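Note that the coordinates shown come from a computational prediction; the quantities given were computed from them, not determined experimentally.
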Amino acid sequence: MTKKISILVITWLIFVFAYYFYLPYFVQPFSWLLVCIILLFLFVRQVTKTITERKNLKENRILNLPTTFILFFLIFYNFNKIPSSIIEKVDRTISYNKRKQIVEEVLSEKLRPNTKMNNGICKLSFDFPIISNGGNDIWIYKNKTENTKTIKFWISRGFFESPQTYFIFTNDNEVKKQYEKQIKIKPESNWKLEENWYRIMERD
């Protein structure tokens, strides 16, 4: 693998992880579009050079062309779906205990909504690993009648017309029924992780 293509792959990996964990949701669409344009330009450039040098193709050109195309496809296809799906599985495993700890703190009232808008958002300290993507905020809803809570950790905040996705804890039976219905309707996007925990995709 040539030095240039190695740098491209490493840069691509850095972007993919930054996109999933760190980039604010209002920056994501623009950064995604910029990277798509750059990779498309590089792919077209590789195609042009391959055609020009077709009579005397070098090994690095044969490698650079498919590598650039694969990186472009992985980013472009369904808004970065494939890399994000892989990282999501890793994220759930790495941050499993920390999310459970945060749930315990919310249930015990140590953590509460803390924004001026009073919209259920609780801003967490920005530590690694990131617990809730796109800003490290969680959303807390309290059912005062039943004294139950629903806590949402963002996987993706969505952009353009994209839905938002969450890891969700809830001990509210009515909310559970709602999620069970969503799972039956669209199981490829919604599923139960374990008792009281769900992976849910929603449109606001």
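- Two residues are said to be in side-chain contact when any heavy atoms from C-beta on lie closer than 4.5 Å; Phe21 and Asp91 meet this criterion.
- Cluster membership for Val44 and Leu33, using ILVMFWY side-chain heavy atoms within less than 4.5 angstrom, is shared.
- For the pair Asn136 (side chain) and Ser125 (backbone), a donor-acceptor distance under 3.5 Å is present.
- Linking Ile, Leu, Val, Met, Phe, Trp and Tyr residues whenever their side-chain heavy atoms come within less than 4.5 Å leaves Val90 and Leu13 in two separate clusters.
- Contact check for Asn64 versus Thr50: no side-chain heavy atoms found under the 4.5 Å cut-off.
- One hydrophobic cluster, built from ILVMFWY side chains closer than 4.5 Å, cannot hold both Phe167 and Ile94; they sit in different ones.
- For Phe76, the CZ atom counts as loosely surrounded, since its 6.0 Å shell holds 12 or fewer non-hydrogen atoms of other residues, nucleotides or ligands.
- Residue Ile185 holds its CD1 atom at 9.0 Å from CG of Asn190, rounded to the nearest 0.5 Å.
- Using a 4.5 Å cut-off on side-chain heavy atoms (C-beta onward), Asn60 and Ile5 make no contact.
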Q | Stepwise side-chain contact (heavy atoms from CB on, under 4.5 Å) test for Asp137 and Arg157 | A | CA-CA 11 Å; Asp137 308 326; Arg157 300 225 179 185; 2.9 Å; yes
Q | side-chain contact (heavy atoms from CB on, under 4.5 Å) between Trp197 and Phe153, worked out | A | CA-CA 11 Å; Trp197 283 89; Phe153 300 83; 3.8 Å; yes
Q: Would you sort out whether Leu71 and Val9 count as a side-chain contact (heavy atoms from CB on, under 4.5 Å), showing the intermediate values?
A: CA-CA 8 Å; Leu71 295 181; Val9 171; 4.2 Å; yes
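- Side-chain contact between Ile200 and Gln182: present, with at least one pair of heavy atoms (C-beta onward) separated by less than 4.5 Å.
- Thr165 places no side-chain N or O within donor-acceptor distance of the main-chain N or O of Met201, the cut-off being under 3.5 Å.
- Checking Asn80 against Tyr19 by side-chain atom types alone, no donor-acceptor pair falls below 3.5 Å.
- Below 30°, between 30° and 60°, or above 60°: for Phe72 and Phe43 the angle between ring planes is below 30°, a parallel geometry.
- Residue Lys58 qualifies as open at atom NZ: its count of foreign heavy atoms under 6.0 Å is 12 or below.
- Listed for the Asn114 side chain is a donor-acceptor partner under 3.5 Å among the backbone atoms of Lys123.
- Remark: the Glu180 side chain and the Tyr198 side chain contain an N/O donor-acceptor pair separated by less than 3.5 Å.
- Nearest heavy-atom pair across Tyr179 and Ile168 is OH-CD1, 3.4 Å.
- Taking hydrophobic clusters as Ile, Leu, Val, Met, Phe, Trp and Tyr residues chained together by side-chain heavy-atom distances below 4.5 Å, Ile130 does not share a cluster with Tyr96.
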Q | Trace of the side-chain contact (heavy atoms from CB on, under 4.5 Å) decision for Thr68 with Leu8 | A | CA-CA 8 Å; Thr68 307; Leu8 178 62; 4.2 Å; yes
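- Once rounded to the nearest 0.5 Å, the distance linking CH2 of Trp139 with SG of Cys122 reads 13.0 Å.
- Between the Trp12 side chain and the Val35 main chain, no donor and acceptor come within less than 3.5 Å of each other.
- Among all heavy-atom pairs drawn from Arg92 and Arg99, the shortest one is CA-NH1, 4.0 Å.
- Here CD1 of Ile75 is found 10.5 Å from CD1 of Ile82. Values are rounded to the nearest 0.5 Å.
- Side-chain atoms of Lys176 and Asn196 form a donor-acceptor pair, as typed in the model, at a separation below 3.5 Å.
- In this structure, Ser108 contributes its side chain and Glu105 its backbone to a donor-acceptor pair below 3.5 Å.
- Under the 4.5 Å side-chain heavy-atom criterion for ILVMFWY residues, no single connected hydrophobic cluster contains both Leu42 and Leu57.
- The CG atom of Leu39 sits 13.0 Å away from atom CZ of Arg45, with the distance rounded to the nearest 0.5 Å.
- For Gln178 and Glu174, the side-chain atoms include no donor-acceptor pair closer than 3.5 Å.
- For the atom pair CG (Leu74) and CZ (Phe69), the distance works out to 9.5 Å, reported to the nearest 0.5 Å.
- In this structure, CD1 in Ile151 is found 13.5 Å from OH in Tyr141, a value given to the nearest 0.5 Å.
- At least one donor-acceptor pair closer than 3.5 Å links the side chain of Asn133 to the backbone N or O of Ile155.
- Considering only heavy atoms from C-beta on, Arg54 comes within 4.5 Å of Ile51 through its side chain.
- By the 4.5 Å heavy-atom criterion applied to side chains, Val106 and Ile138 are counted as neighbours.
- Using a 4.5 Å heavy-atom cutoff, the side chains of Tyr20 and Glu88 are in contact.
- Between the side chain of Arg199 and the backbone N or O of Lys192, no donor-acceptor pair lies under 3.5 Å.
- Taking 4.5 Å as the limit, some side-chain heavy atom of Lys142 sits within range of a side-chain heavy atom of Glu109.
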